[in-house]
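All ligand and atom numbering here is 1-based and tracks the order in the structure.
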Amino acid sequence: MFQEDLIQEIARLKAERNAVILAHSYQRPEIQDIADFVGDSLALARKAQEAECEVIVFCGVHFMAETACILNPSRTVLLPDLNAACSLEQSCPAEELAAFLEANQEKNYYVVAYVNCSIGVKALADVIVTSGNSQRIIETAPADRPILFVPDRNLGAWTARKVGREMTLWNGACHVHEQFTRDKVLEVKAQYPDAPIVCHPECQEPIRLLADHICSTEKMIPYCRESESQRFIIVTESGILHRLRKLVPGKEFIGVGTEKCSCAECEYMKLNTLEKIRNCLRDMSPEVRVPEELRLRAEKPLLRMLELSC
Ligand code: 13P
Ligand code: SF4
């Protein structure tokens with residue numbers, strides 16, 4: 001089927017099912033183009049919470065669809081490919097976190113969980129953060145309790161430094177952001193010496209030290225729009241380049257590759273395709289569902305985050 005026909009079929013099924021399509025900035029360009037809303041994890045969580053349509057098609061990865069279920073339980077949440085996982089989520093199984101907290105009860109940790117984690121981990125957390133609000137949320141953490149930050153050691157270390165507060169960091173990381181090397185970034189910088197380096201906080205410290213600006217995918221847009229520079233070196237998953245080129249026309253965005261590939265791609269994010277979106281709307285499957293008891297526990301720290309990041 002031609003792409004145009006597929007897009008028309010998606011539009012027809014979307015209307016029939018009373019559905020909204022939400023997409024993360026790392027989705028394929030053609031998915032971003034047909035989505036009703038494209039955003040970072042924080043903006044998508046808000047959109048999912050407010051969604052009035054009966055069906056939410058979540059073009060992102062599993063934990064994002066799960067977050068939509070937690071925040072808006074009366075909607076049907078579809079994930080075009082159920083295998084769209086996340087290495088950060090995998091780096092912190094809920095049972096391991098529960099065992100760690102059990103073994104360290106005397107510490108009375110205040111558990112801050114990056115939204116890139118499972119519902120089981122969210123249910124054990126005091127508050128959730130995204131890369132767009134981690135500083136703001138941690139500034140409100142109780143001063144008399146030590147903080148345990150899970151699962152991303154890179155976002156955790158960056159936020160700890162920004163806020164000036166020590167935190168115990170879970171040893172997790174995103175395999176896409178950890179593939180960037182100083183050499184690769186410097187290679188691109190040598191080609192475009194006038195371009196500021198903009199990186200995501202999931203990158204490792206040697207990369208963060210090279211950056212002119214570090215922020216979530218969403219915040220890259222106003223930064224690049226408002227900057228006087230005409231071109232930028234973007235160190236994160238390549239999907240954001242499409243969004244930047246669309247929303248900040250006239251400026252140039254240069255991606256950084258890894259040792260293995262000329263552009264950094266999250267294979268989980270890229271599992272979603274137009275065809276799978278059509279199929280999930282047609283079949284009303286795969287659907288993401290969460291047990292109610294766990295949902296109620298995971299909802300609390302998520303709502304705390306949304307209140308604190310208003
Ligand atoms: P943000 O879009 O919230 O910056 O997150 C990046 C990411 O890796 C999502 O999986
Ligand atoms: Fe997870 Fe990294 Fe992919 Fe984001 S880019 S979904 S953090 S594996």
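- Those atoms of ligand 1 with a heavy atom of Ser216 less than 4.0 angstrom away are 4 (O).
- Atoms of the protein (N, O or S only) found under 2.8 Å from atom 2 (Fe) of ligand 2 are Cys174 SG.
- Contacts with ligand 1 closer than 4.0 Å are made by side-chain heavy atoms of Asn116 only, the backbone lying farther away.
- The hydrophobic cluster around Leu296 extends to none of the other residues, as no ILVMFWY side-chain heavy atom falls under 4.5 Å of it.
- Taking a 4.0 Å cut-off on heavy atoms, Glu218 fails to register as neighbouring ligand 1.
- Counted by atom type alone, Gln27 and Asn272 present one or more donor-acceptor pairs between their side chains at under 3.5 Å.
- Side chain to side chain, Thr236 and His177 meet the donor-acceptor criterion of an N or O pair below 3.5 Å.
- In terms of polar-atom proximity, Ser25 is not counted as a contact of ligand 1, lacking any N or O under 3.5 Å from an N or O of the ligand.
- Considering backbone and side-chain atoms alike, Thr217 places an N or O below 3.5 Å from some N or O of ligand 1.
- When only modelled atom types and interatomic distance are considered, His200 and Asn154 share no side-chain donor-acceptor pair under 3.5 Å.
- Below 3.5 Å of separation, one finds no N or O of Thr130 facing any N or O of ligand 1.
- Checked against a 3.5 angstrom limit, the closest N/O atoms of His177 and ligand 1 fall outside it.
- Residue contacts with ligand 1, taken as heavy atom pairs separated by less than 4.0 Å, involve Ser41 via backbone and side-chain atoms alike.
- Atom 8 (O) of ligand 1 has its closest protein heavy atom at Glu202 OE2, 3.0 Å.
- Counting heavy-atom neighbours within 6.0 Å of Lys270 NZ, excluding the residue itself, gives a total above 12.
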